[in-house]
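One structure below.
In what follows, residues are counted from 1 in the order of the sequence shown.
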Amino acid sequence: MTLAETPNYKNSSNPFLSLNYESALQSLGDDYYDEVAAEEFPQHILRWRNDALLPRLGLDPQLVKDEDFITAFGKFQGRKPLLALRYHGYQFGEYNRQLGDGRGFLYGQVRATDGELYDFGTKGSGRTPYSRGGDGMLTLKGGVREVLAAEALHHLGVRTSRCLTMIETGLPLWRGDEPSPTRSCVMIRMSSSHIRFGTFERLHFFQRPDLTKKLLDHVIEQYYRHLSAEEDKYALFYAELVKRVAELVAQWMAAGFCHAVLNTDNMSITGESFDYGPYAFIPTYNPSFIAAYFDYYGRYCYGNQPSICQLNLQMLQEPLKAIIDKEEMEAALAMFDEYYQAEYSSLMLKKLGFEDLPHPEAGELLNLTIEFLKDSQVGYHQFFYEMARTFSSKWRDEPGFVMNSSDIVPVPGASGVFDDWCILYHKILNDLESDGIDVIAQTLADNNPKTALLRPVIESIWEPIAQEDNWQPFYDLIKAIQSRG
């Protein structure tokens, strides 16, 4: 069924069903997906609507009713076809061909007010041909965690998908790692693309370079349009993807975020962050921090994220080498570290208060910061927030005044590393123009919110939901995140 044949598509009073959906991915043909049906749920309770995203879709939040969300994204009325994408992937280093959208599908694609194409993808919408014996559902806690992760990362400046809505569905679920039965939900994720590294890996597995080229042309046409007229557009695409991924992982690292499951089927071809399962924000600076309990050997630990993403880009060369020269891809990938370091240094210096620091000792300041955080194990997020909270022009007077009103740092003389850090920070402040103090204070405030989405914080808002069906702490936390409080 084409979009034009979809019942009530153009004449619906539901604003979501009246959006101008495009058939960009559908037009590639059924070598890339399977048409599926959505689960029929016994209950529909709207738990989250992301009104901040509606203007991007050309919608006025005040004119969109709760029932519009439920009809479109809980009952799935008026939208066909629903497409479960096919893909493979390397999972913890082992190739897995038993993959694909196992509990979700591509609901539709919409051209937003910024001119970009966005995908609406479901999570928890029922079984597909790729469910591998699973129920295709999403726990309510899993949905809550993903909503929080996406909003937190977005407001920390990380390029990420976001959740448009989350609807509790009334199905009891049995999960080995949670008290059972547990509650269920369906979630709609708004992302730049549903296409993954693993989408290309599947085509390589079946030895279909023709389909690989067709998909790559589609990706460039839709998501790298500025390259479409270039003679060497394929090589330029890969080079830009390397840069995007390097900058993305630098954003995670500066935000203190551990994705936890960086399999190639969880890597977006647009260099966007998505699919937040057992993620965690680090409580203290620890490169060996592991977010997923099943990551027994720490493959995807916090400190390994840059090298893993670089490895995933290298493995993507295998399906792409039918179209792109291998040596050109290797040369592009060789730039990964440079891109990563530039982005990471820039972001970390902003957390230290400096929008632009052409200072010969900027690198030393960053190294001392990391050394102190690692040795002292003070709270990673708390340290930077305390910098913002206690910052004063008096820090220019003498090194002993730097952060001297914070209880989380050692007293002078107790830590040689911290003393050296204070001396250097004091020196840099005095090398700057006096009117730059206000800029530093604002930069610190802008880049170091008080609210950090640590695991105890998530548990503290989940408990009232689980025990009392009290959602107010959840909404309060999102409000704090969105206001960067």
Side-chain angles (χ1 to χ4, degrees), residues 41 43-54 61-62 64-70 72-74 103-104 121-125 137-156 158 160-173 175 177-191 255-260 273-281 283 291 381-382 385 449-485:
F41 298 113
Q43 186 180 34
H44 303 90
I45 305 174
L46 183 65
R47 295 302 190 183
W48 165 246
R49 50 178 285 172
N50 198 341
D51 284 353
L53 290 176
L54 297 186
Q62 295 184 355
V64 181
K65 302 184 295 292
D66 288 356
E67 187 60 32
D68 294 330
F69 282 91
I70 290 173
F73 304 126
R103 54 175 172 171
T122 67
K123 190 173 184 178
S125 51
M137 301 302 171
L138 174 65
T139 66
L140 183 61
K141 186 176 184 180
V144 166
R145 281 174 48 83
E146 179 142 350
V147 169
L148 292 172
E151 288 305 295
L153 289 172
H154 171 73
H155 289 280
L156 287 170
V158 177
T160 177
S161 63
R162 296 174 73 184
C163 297
L164 179 61
T165 186
M166 179 180 66
I167 298 168
E168 187 169 359
T169 53
L171 287 174
L173 301 180
R175 294 290 188 270
D177 56 340
E178 295 185 23
S180 294
T182 188
R183 293 153 72 178
S184 59
C185 71
V186 63
M187 187 189 72
I188 303 297
R189 180 190 294 139
M190 183 171 166
S191 62
F257 177 76
C258 185
H259 184 284
S273 182
F274 76 107
D275 206 8
Y276 304 119
Y279 73 88
F281 285 83
H381 309 277
Q382 187 182 10
Y385 171 69
K450 179 180 181 180
T451 303
L453 196 62
L454 300 176
R455 278 175 170 162
V457 174
I458 297 175
E459 292 300 322
S460 73
I461 64 99
W462 172 249
E463 185 173 353
I465 293 173
Q467 300 298 325
E468 309 163 19
D469 203 31
N470 177 8
W471 287 79
Q472 195 56 50
F474 169 74
Y475 299 128
D476 290 344
L477 178 56
I478 288 184
K479 184 177 180 180
I481 288 171
Q482 292 180 334
S483 65
R484 296 182 60 82

**OP:** With sequence neighbours excluded, tell me which residues meet side-chain contact (heavy atoms from CB on, under 4.5 Å) with I478.
**Re:**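 For I478, the residues satisfying side-chain contact (heavy atoms from CB on, under 4.5 Å) (neighbours in sequence not counted) are W48, V147, L148, F474, Q482.
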Does a side-chain heavy-atom distance below 4.5 Å link [X] with [Y]?
X: R183; Y: I45; answer: no
X: L138; Y: T169; answer: no
X: R103; Y: M137; answer: no
X: F73; Y: V186; answer: no
X: Y276; Y: R189; answer: no
X: D275; Y: K123; answer: yes
X: L156; Y: P449; answer: yes

Original post:
Does the pair D476/K479 count as a salt bridge with the N-to-O cut at 4.0 Å?
Top reply: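 Salt bridge flag = no for K479 with D476.
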Original post:
Among pairs that include at least one residue of residues 456-467, which meet salt bridge (Lys or Arg N to Asp or Glu O under 4.0 Å), considering only residues two or more places apart or in two chains?
Top reply: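 Pairs touching residues 456-467 that pass the test: K141-E459.
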Original post:
Can you name the residues that form a ring-ring contact (aromatic ring centres under 6.0 Å, His included) with Y279, not counting sequence neighbours?
Top reply: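 Scan of Y279 (ring-ring contact (aromatic ring centres under 6.0 Å, His included), adjacent residues dropped) gives F257.
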**OP:** Can you see which heavy atom on H44 is nearest to which on I167, and at what distance?
**Re:**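 Residues H44 and I167, closest heavy atoms: CA-CG2, 4.0 Å.
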Original post:
Between T182 and L140, is a side chain to side chain contact (heavy atoms under 4.5 Å, CB included) present by the stated rule, with each step listed?
Top reply: CA-CA 8 Å; T182 188; L140 183 61; 5.9 Å; no
